[in-house]
Engineer: 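A single structure is presented below for examination.
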Amino acid sequence: MSGTIRVPGDKSISHRSLILSSLADGESEIRGILDAEDIRSTATVLRELGVQIPPFAQVIRIKGLGLRGLRQPRSALDCGNSGTTTRLMAGVVAAHPFSARFVGDASLSRRPMKRIAEPLTYMGAQFECEHGDGLPMTVHGVDLRSVDWDTGGSSAQVKSAILLAGLASAVEVRVTEKSLSRDHTERMLRAMGVDVENDGSQVCLRPTHRLHPFDIQVPADPSSAAFFVALASLATSGELTLTDVCLNPTRTGFFQALRRMGAKVDETREMSSGGEDIGSVRVGRAQLRGTRVTAEQVPAIIDELPLLACVAAGAGVELEIRGAAELRVKESDRISAVVQNLRAVGAEAEELPDGLRVSAGRRQLAGTIDPRGDHRIAMAFGILSAATGNRITVSDPRCVAVSYPGFWEDLRRVAA
Ligand code: S3P
């Protein structure tokens with residue numbers, strides 16, 4: 001395997017660029033937005049709230065309605081499969097003087113919303129969940145008050161919901177986390193002129209009354225790049241270069257974990273745009289060995305843990321992941337989905353309450369896996385299927401459309 005690939009735009013940055021440009025005073029330009037179902041969900045929700053979002057193209061322009069300029073929606077806000085859409089937009093809506101009902105697909109409806117409802121309720125909004133703490137959920141917005149909130153964990157969605165609520169209400173907010181979650185919201189806000197500080201465990205946003213429009217170039221998604229980095233490190237020969245990748249250190253835990261496993265993965269920072277470091281990742285073949293992922297390392301690799309488990313199984317090396325109970329409340333229960341599917345193709349793996357273990361031993365892996373409608377499970381096993389000697393079929397391959405609609409095509413091209 002050899003060559004160069006540029007994967008599609010970053011999902012987290014694409015969501016935020018739509019949301020923040022909608023809240024700005026004036027016209028923003030977004031280049032290279034990710035055209036995938038999750039981002040379309042954010043666009044649908046913003047359109048329902050009165051923002052004119054054009055059809056996705058390489059360059060789109062958005063005329064913001066200003067802070068607290070959104071309009072009362074006429075129908076429910078359909079967030080599809082997207083947790084980021086729901087949680088970030090709940091923060092924005094909580095600061096507006098109207099009520100909105102959030103709905104989503106079966107997977108999203110099972111995901112916990114108490115984590116955002118609690119701080120936003122403390123700030124003055126009201127939340128009503130129709131079943132447990134999931135969707136459908138109605139948010140009654142008000143003029144919010146300031147908050148100093150300790151999330152007790154590490155979640156960029158919770159942190160961003162509080163920051164966006166404070167931003168739209170023009171009040172100071174502080175959020176403390178156990179360890180730093182992805183900080184794209186803070187970086188983008190800073191690039192738009194907002195006073196927001198992040199010392200690694202606490203973020204403080206100071207009130208602002210006007211958000212300046214901005215131009216942003218969305219870099220390639222490191223979580224999508226990770227699939228090809230994984231494939232190249234499992235390949236028997238060749239070298240692959242991923243270009244234009246977002247190299248924000250809160251997102252590059254997978255590359256670090258692969259290096260601990262002995263892989264040759266070089267990151268080169270080449271430029272910075274919108275407050276984000278961007279560059280290339282070069283991967284060459286190497287003999288892999290086992291590793292462990294600990295709780296402190298989890299935030300920067302959270303979305304790539306299923307893939308890491310597949311890499312370990314493909315290389316026949318041991319892996320232990322701990323402190324990652326969050327995986328149970330993602331698009332699927334990713335601990336159970338990974339372990340069950342690894343076993344279905346003949347690997348040895350076991351579930352732990354807060355992680356998983358893959359045993360060493362090189363085997364030919366074969367069989368059909370059920371991704372449970374979860375894009376990242378489908379793609380992780382897609383990589384394992386493309387690695388030498390494995391015969392794995394992914395049922396429901398189309399679920400990748402949530403974050404990477406062209407994945408199978410790109411995989412065929414790179415593997416060829
Ligand atoms: C995201 C934050 C993470 C991540 C998700 C995207 C974001 O979720 O898993 O894919 O864009 O803020 P948590 O905040 O729940 O950790």
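Bear in mind the structure is a predicted one, so any value in this text is a computation, not a measurement. Counting starts at 1 for both ligands and their atoms, following the listed order.
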Engineer: According to ring pair (Phe, Tyr, Trp, His ring centres under 6.0 Å), does anything in residues 57-82 pair up with another residue at least two apart or in another chain? List the pairs.
Structural biologist: none
Engineer: Please tabulate protein-ligand N/O pairs under 3.5 Å for ligand 1, atom names and distances to 0.1 Å.
Structural biologist:
| from | atom 1 | to | atom 2 | distance (Å) |
| --- | --- | --- | --- | --- |
| ligand 1 | 8 (O) | Lys330 | NZ | 3.1 |
| ligand 1 | 9 (O) | Asp303 | OD1 | 2.7 |
| ligand 1 | 9 (O) | Asp303 | OD2 | 3.4 |
| ligand 1 | 9 (O) | Lys330 | NZ | 2.7 |
| ligand 1 | 10 (O) | Asp303 | OD1 | 3.4 |
| ligand 1 | 10 (O) | Asp303 | OD2 | 2.8 |
| ligand 1 | 11 (O) | Ser12 | OG | 2.7 |
| ligand 1 | 11 (O) | Arg16 | NH1 | 2.9 |
| ligand 1 | 12 (O) | Arg16 | NH2 | 2.6 |
| ligand 1 | 14 (O) | Ser155 | OG | 2.7 |
| ligand 1 | 14 (O) | Ala156 | N | 3.0 |
| ligand 1 | 14 (O) | Gln157 | N | 2.8 |
| ligand 1 | 15 (O) | Lys330 | NZ | 3.3 |
| ligand 1 | 16 (O) | Lys330 | NZ | 3.4 |

Engineer: Apply salt bridge (Lys or Arg N to Asp or Glu O under 4.0 Å) to the pair Asp183 and Lys159, showing each step before the final yes or no.
Structural biologist: CA-CA 9 Å; Asp183 61 352; Lys159 174 178 64 179; over 6 Å; no
Engineer: Should Glu350 and Arg357 count as an ion pair when the cut-off is N to O under 4.0 Å?
Structural biologist: yes
Engineer: Listing request: all ring pair (Phe, Tyr, Trp, His ring centres under 6.0 Å) pairs with a residue in residues 76-115, at least two apart in sequence or in separate chains.
Structural biologist: His96-Phe98
Engineer: Using the salt bridge (Lys or Arg N to Asp or Glu O under 4.0 Å) rule, collect all pairs that involve residues 143-153, keeping only residues at least two apart or in two chains.
Structural biologist: Arg68-Asp143
Engineer: Has Arg71 got more than 12 heavy atoms of other residues, nucleotides or ligands less than 6.0 Å from its CZ?
Structural biologist: no
